[in-house]
Amino acid sequence: MTRYQIRMDNPARRWDDGLPLGNGRLGAMVMGKPNEETIFINEETLWYGPWRDRHNPDALRMLPDIRRYLQEGDPARAQFYGRMALTSTPKYMNPYQPVGDLRICLLDHQYPVEDYSRTLDLRQAIAEVSYVQRNVRYRREHFVSQPHQVLAIRLTAGAGQKLTVSANISRKPFEEMTARLDARTAANWGQCGAGGVHYFSAVRVVARGGRTGAMGDFVYAEEADSVDFFLAAATDFDGRKDFRERCLASLDTAGQLGYEHLRQAHVAWHSDQFDLVELNLGEDAPADAFTPQLLSELKKDGRHARFLSELLFHFARYLLLASSIGCLLPANLQGIWNGEYTPPWECKFTININTEMNYWFADGCRLSGCLEPLFSLIDRLVARGRETARLIYGCRGFCAHHNTNAWANTDIEGIFDASPVWPMGGAWLCFHLYEHYLHSQDRQFLIQRALPVMREAILFFQDYLFAGPDGKLLTGPSLSPENTYQTADGVKAALCLAPESDLQILRQLLTWYLDGCSQAGCEDGTAAAARDMLNRLPETKTGADGRILEWQEDVTETEPGHRHLSHLIALHPGCQIHEDTPELFRAAEKTLATRLENGSGHSGWSRAWVVCLYARLKNGRQSGFHLTELLRHSIHDNLLDIHPPFQIDGNFGAAEGIKEMLAQSHRGLIDILPALPPDWQKGHVRGIVLRGNIKANLSWSNGRLDQLDLMAGDDRQVAVRYGTCTQTVRLNANEWTEVKICD
């Protein structure tokens, strides 16, 4: 078993046991059934229905009353009228849907199988299915090509054996048009809901030896030595009407170049991206072991924790490359993979934590190319969010709420009290813009993309914030994401004024905007307003037991172990709680520990956030423990994260946590091995990027740093800390410097 493989010893029993393949735009989930295979196909832009204007016409009129009810201490009344006046009309966005199912059927292939394996090679991005049937070895190889924009599949059998196989694309229960297009090509096409995108998918067969043909809406090969299938899919989401022609052109090119050429180009492209970062945690890869077996042994007695942590890190990098590069839309709740026409939470972009978590590790793990679809969505959110800010709140600038979709919807989403009325989504997404600048030091990006969006977000808060009795500026109506509290008279409530998560997001946004203006030399009126707002925001409060208060008052929590940890945003992914704010640092630690004592971390993404938070608390023992707990309780046998159901953010958040254990670089300080778990005694990481556009290679043994090499993109001095020792290091542009640092 190589270090970079996920190996299964049986076919997938359900969709989320499959092996995911993707090129950012086109996704496939390989199930591996021997006789009649079903491969679930996705295309990033296939969302049901059209863009819809959902603004509630009564929102602006009722907003002052709802705010007044909250000021008067009557959240029940505020929620009663807020549900009618603020929530969108209609309430919900439509779902992301599959392109369909590619079904591959083999003749005379119904017999028992032996020596079965289903393998995903992360470095090559190739899934293989292999088994023996009646003493014959059969193999199927699958990949989704970024250079050539097709799913490619090759079927082979043992020497002298012939294959007779068919394939077609179905879309039950939303099938519209299917047909053969020529003697080797069959297709499925239609419109995804009234007014929705038009889609087209097609499969083509190529065989070596034997005969090929088309029958009904199937393509097939008879008595062939090997069989290749190529599949392409597209929509008119981007306004281009030639999507059908583009699909067929991709199939033409694939057929002309041939499977081997496509495979070579695919592996070269993917491995070039994947190999930019190396992580080894010092545990040998178990020979010939299947991944479910390793997870089972981990759960039983803790074996393989380091190796599985390492594999989980590489899998996260693989998944982001497969779901967010060279495409239009960012990774959604399930990346690009979805096997249902009514998926959980519509498979949207949930921007009160999940979309943010998807991209925390991108810059640091050499996946900056995967950020462009997110930045593109943010740009479109600004345009849509200006209308939402104006029509719902009577404000300038832009805002977005807790969910969005392919059309960059910024309206209030849903009807339940604990999530919809939260206008902080756009502001939190701004973190990614500034983090990209901090990592890349791209001044043009800062001036042309980051600061303009941040300025629009701040402009909204200039109008939206209002002064409380003590003159402090408050948000509201708002909520602490998906959490609730009890009022003094026992009423369960969510709506409130100035929850701590709002204030932490706003403080970080304003602080980074002012820093960005200083870096760009563009002090303006918005900077002056940002400085004033920053000075007038309420300070973070702690309760009698030393925890950070989630709400302005020390109220009773309805769920003391709630999965969201939103009042710790300033610890991670923000950086305003740290060792130099010792009271808040201790309060954050107490807050996290109490949450966990009451059952938090039960969902995969929540546990991943816990790993990140403990890393920022410099607690390697707890970070490592919770990473292992994530593997024990919140990971499928194929290493996909379990919310439940499958959500991809836990995979991505875990990678961020691992990176943060090994190196941190916020607040202008490079901190090496700040949260190394006690059992990670040996290892190395190479190629990660720290803030300041600094690449780092480091290795350690016996739990202590052996070597640290840094390379900056320009001449600069940096502060480097290891243990209790901090020193200033001079780096020359594009030259590796070995840093000798004491402890």
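The basis for the numbers below is simple: all heavy atoms, side chains too, and nothing from hydrogens, waters or symmetry mates.
Using a 4.0 Å cut-off between charged side-chain N and carboxylate O, K541 and E553 make no salt bridge. The pair E72-R68 meets the salt-bridge criterion, since a charged nitrogen lies less than 4.0 angstrom from a carboxylate oxygen. Ion pairing between D709 and K695 fails under the 4.0 Å rule for side-chain N and carboxylate O. A salt bridge does not link D470 with K472: every distance from a Lys NZ or Arg NE/NH1/NH2 to an Asp or Glu carboxylate oxygen is 4.0 Å or more. E456 has no carboxylate O lying under 4.0 Å from a charged side-chain N of R396, or vice versa, which leaves the two without a salt bridge.
With values rounded to the nearest 0.5 angstrom, F375 atom CZ is found 10.0 Å from L429 atom CG.
Counting only distance, with no hydrogens or angles, the side chain of E559 and the backbone of N598 share no donor-acceptor pair below 3.5 Å. Listed for the D706 side chain is a donor-acceptor partner under 3.5 Å among the backbone atoms of S701. A donor-acceptor contact shorter than 3.5 Å is absent between the side chain of T404 and the backbone of T410. Judged purely by atom type and a 3.5 angstrom limit, N651 uses its side chain to pair as donor or acceptor with the backbone of D641.
Looking at E583 and T542, their side chains never bring a donor and an acceptor atom within 3.5 Å of each other. A donor-acceptor pair shorter than 3.5 Å cannot be found between the side chains of Y722 and D671. At a cut-off of 3.5 Å, with distance as the only test, no side-chain donor of D442 or Q444 sits close to an acceptor on the other residue. Using modelled atom types, one finds a donor on one side chain and an acceptor on the other under 3.5 Å when comparing S324 with Y359. Inspection of the R721 and T726 side chains reveals no N or O donor paired with an N or O acceptor under 3.5 Å. In summary, the side chains of S566 and S501 do not present any donor paired with an acceptor at a separation below 3.5 Å, with no hydrogens or angles considered. For the residue pair S600/R607, the side-chain donor-acceptor check at 3.5 Å is not satisfied.
Among H432, H439, H436, the one residue that satisfies the ring-ring contact (aromatic ring centres under 6.0 Å, His included) test with F445 is H436.
Remark: R686 pairs with E278 by the salt bridge (Lys or Arg N to Asp or Glu O under 4.0 Å) rule, at least two apart or across chains.
Classified by interplanar angle (parallel below 30°, tilted 30° to 60°, perpendicular above 60°), the ring pair F431/W428 is perpendicular. Using bins of under 30°, 30° to 60° and over 60° for the plane-to-plane angle, the ring pair H572/W360 lands in the perpendicular bin.
Listed by first then second residue, pairs satisfying salt bridge (charged side-chain N to carboxylate O under 4.0 Å, His left out) with a partner in residues 585-601 read E550-R595, E557-R595, not counting sequence neighbours.
Here the two rings, on W605 and H564, have centers that are under 6.0 Å apart.
Contact detail for L705 and S699: the closest heavy-atom pair is CD1-O, 3.4 Å.
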